[in-house]
Amino acid sequence: MTHSSDDAFRVMTSGVFTAAHLALVPAIEAFIGKPVVTLTTSIGTGEQSIPNRLQRREPADLVIVAEPNMTNFVRAGHIAADTRTLIARSVAAVAVRAGQPPPDARTPEALKHTFLRAGRIAYSASESGKYLITKLYHRLGIDGECLPKSHFVGNGERTGAVVARGEADLAFQQVSELRPVPGIAHITPIPDELQSYVWVATGALAWSRDIESARAVVRFLASDAAAPEIVASGLDPLFGEDLYTSLYAA
């Protein structure tokens, strides 16, 4: 059976869910009987960022992003509100270049010294990067020492790629965004008491040309069938649209 490009199911995903999404593409295609086209694999920055692409109402069917982005998209009318569904939880981690000693992040004090010893720290435009530079350094009391040596990584690139090239000593990002990157090692979650969990959500575009398929894929991503690939990517799967009631009740 052949499909025209107009028949494709179009997905925008941020980096936190990229690995899981790509692993799930064959199952999604079999489930809806359509080819999947992945339009972007990063929340991005500038004109090609997911928020700006949605503002332009680019043709798409499904969006997968971290909160609070999804809530913002629902409020802007980009996402059909009744399809907004939490599907995964992510944790932040540090990583080093392959061949380097593992970073010590066993305790807050150990993590503090790991940051202080690093010559350059790479962070991203995602929620983990915002947390690092606006909250985590402050909680550890190392803003003054670490902000000047923190290197922003934009344009959808992973922080791990910068570390793999030797342009930074320490990568800070979600586990699921670090795990696919070659050339890094010792991906180490930060201590539980310092974690800022990232909740990953999906929803159907309000202007999807196949809203029923989009709704079906939302249900699929929140089901047991998608869980193995979600776990393999470094995320914790979540089930149930009602999770929003407790997390984001007005």
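This chain uses plain numbering: 1 for the first residue, then up along the sequence. Just so you know, these numbers come straight off a predicted model, no measurement behind them.
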**Student:** Is there a donor-acceptor pair under 3.5 Å between the side chain of Asp61 and the backbone N or O of Arg10?
**Tutor:** yes

**Student:** Are Val181 and Leu132 connected in the hydrophobic side-chain network, where two residues link if heavy atoms are under 4.5 Å apart?
**Tutor:** no

**Student:** Below 4.5 Å, heavy atoms only, C-beta onward: do Gln174 and Phe17 meet side chain to side chain?
**Tutor:** no

**Student:** Given the rule in the salt bridge (Lys or Arg N to Asp or Glu O under 4.0 Å) test, do Lys34 and Asp7 qualify, once you have shown the distances and angles that lead to the verdict?
**Tutor:** CA-CA 7 Å; Lys34 285 186 170 189; Asp7 193 37; 3.8 Å; yes

**Student:** For Thr71 and Glu67, does a side-chain donor sit closer than 3.5 Å to a side-chain acceptor?
**Tutor:** yes

**Student:** Before accepting this row, confirm whether a basic side-chain N of the pair Glu157/Arg165 lies closer than 4.0 Å to the acidic partner's carboxylate O.
**Tutor:** yes

**Student:** Find out if a path of hydrophobic residues (ILVMFWY) with successive side-chain heavy-atom gaps under 4.5 Å connects Ile32 to Val25.
**Tutor:** yes

**Student:** Working to the nearest 0.5 angstrom, can you tell me the gap between Glu127 CD and Ile43 CD1?
**Tutor:** 8.0 Å

**Student:** Assess the residue pair Ile190 and Leu111 against the criterion (side chain to side chain contact (heavy atoms under 4.5 Å, CB included)); give the C-alpha distance rounded to whole Å, side-chain angles, the decisive distance to 0.1 Å, and a yes or no.
**Tutor:** CA-CA 7 Å; Ile190 66 174; Leu111 180 63; 3.8 Å; yes

**Student:** Can you tell me if Gln55 has over 12 outside heavy atoms packed within less than 6.0 Å of its CD?
**Tutor:** no

**Student:** Among the clusters formed by ILVMFWY side chains lying less than 4.5 Å apart, do Ile50 and Ile79 turn up in the same one?
**Tutor:** yes

**Student:** If you take all heavy atoms of Thr83 and Ala204, which pair is closest and at what distance?
**Tutor:** OG1-N, 2.9 Å

**Student:** How about Leu147 and Ile133: do any of their side-chain heavy atoms sit closer than 4.5 Å?
**Tutor:** yes

**Student:** Which heavy-atom pair separates Ala8 from Val37 by the least distance, and what is that distance?
**Tutor:** CB-CG2, 3.5 Å

**Student:** Flag the pair Leu205 / Leu62 as yes when at least one side-chain heavy-atom distance between them is below 4.5 Å, and no otherwise.
**Tutor:** no

**Student:** Taking Val218 as the starting point, is it possible to reach Phe9 by hopping between hydrophobic residues whose side chains are less than 4.5 Å apart?
**Tutor:** yes

**Student:** List the atom of Ser176, the atom of Leu235, and the distance in Å for their closest heavy-atom pair.
**Tutor:** OG-CD2, 3.5 Å

**Student:** Counting C-beta onward and ignoring hydrogens, is there a side-chain heavy-atom pair between Val96 and Leu170 closer than 4.5 Å?
**Tutor:** yes

**Student:** Hey, what do you get for CZ (Arg219) to CD1 (Ile87), rounding to the nearest 0.5 Å?
**Tutor:** 14.5 Å

**Student:** So if you build clusters from Ile, Leu, Val, Met, Phe, Trp, Tyr with side-chain heavy-atom gaps below 4.5 Å, do Tyr197 and Phe172 land together?
**Tutor:** no

**Student:** Could you walk me through whether Leu221 and Thr85 pass side chain to side chain contact (heavy atoms under 4.5 Å, CB included), step by step?
**Tutor:** CA-CA 9 Å; Leu221 292 176; Thr85 304; over 6 Å; no

**Student:** Does Asp169 pair with Arg97 as a salt bridge, N-O distance under 4.0 Å?
**Tutor:** no

**Student:** Between CZ of Arg106 and OG1 of Thr114, what distance do you get to the nearest 0.5 Å?
**Tutor:** 9.0 Å

**Student:** Any chance you could measure Ile64, atom CD1, to Thr41, atom OG1, to the nearest 0.5 Å?
**Tutor:** 11.5 Å

**Student:** For Ser49, check side-chain hydrogen bond (donor to acceptor under 3.5 Å, both in side chains) against everything at least two apart and list the hits.
**Tutor:** Asn52

**Student:** Do we see a donor-acceptor contact under 3.5 Å between the side chains of Thr159 and Gln173?
**Tutor:** yes

**Student:** For Ser126 and Glu177, run side chain to side chain contact (heavy atoms under 4.5 Å, CB included): C-alpha distance rounded to whole Å, both residues' side-chain angles, the deciding distance at 0.1 Å, then the answer.
**Tutor:** CA-CA 10 Å; Ser126 65; Glu177 295 179 88; 3.8 Å; yes

**Student:** I need the minimum non-hydrogen distance between Ser233 and Ala19, along with the two atoms involved.
**Tutor:** CB-CB, 4.0 Å

**Student:** Looking only at the aromatic ring of each residue, does the gap between the centers of Phe220 and Phe31 stay below 6.0 angstrom?
**Tutor:** yes

**Student:** Kindly indicate, with the supporting measurements, whether the criterion side chain to side chain contact (heavy atoms under 4.5 Å, CB included) is fulfilled by Arg84 and Thr202.
**Tutor:** CA-CA 6 Å; Arg84 178 182 65 171; Thr202 187; over 6 Å; no

**Student:** Within a strict 4.5 Å, meaning less than it, do heavy atoms of the Phe73 and Val63 side chains meet?
**Tutor:** yes

**Student:** For the residue pair Asp236 and Val231, establish whether any side-chain heavy-atom pair is separated by less than 4.5 Å.
**Tutor:** no

**Student:** Tell me whether Arg53 is salt-bridged to Glu47, with the criterion being a basic N under 4.0 Å from an acidic carboxylate O.
**Tutor:** no

**Student:** Would you say Cys146 and Leu116 make side-chain contact, with heavy atoms under 4.5 Å?
**Tutor:** yes

**Student:** How far apart are the closest heavy atoms of Arg139 and Tyr131, and which atoms are they?
**Tutor:** NH1-OH, 3.1 Å

**Student:** Applying side chain to side chain contact (heavy atoms under 4.5 Å, CB included) between Val175 and each of Thr188, Val91, Val198, report the one that passes.
**Tutor:** Val91

**Student:** Could you pull out the closest heavy-atom pair between Pro108 and Leu140, with the gap in Å?
**Tutor:** O-CD2, 3.6 Å

**Student:** Sub-3.5 Å donor-acceptor pair from the side chain of Trp207 to the main-chain atoms of Glu58, do we have one?
**Tutor:** yes

**Student:** side-chain hydrogen bond (donor to acceptor under 3.5 Å, both in side chains): which pairs involve residues 16-29, sequence neighbours left out?
**Tutor:** His21-Thr38

**Student:** Restricting to pairs with a member in residues 142-152, which pass side-chain hydrogen bond (donor to acceptor under 3.5 Å, both in side chains), not counting sequence neighbours?
**Tutor:** Arg120-His151, Tyr137-Ser150

**Student:** Does the side chain of Arg89 come within less than 4.5 Å of Pro237's, by heavy atoms?
**Tutor:** no

**Student:** Output the distance between atom CG (Leu178) and atom OG (Ser128), rounded to the nearest 0.5 Å.
**Tutor:** 8.0 Å

**Student:** Rounded to the nearest 0.5 Å, what separation is found between the OG1 atom of Thr107 and the CD atom of Glu193?
**Tutor:** 8.0 Å

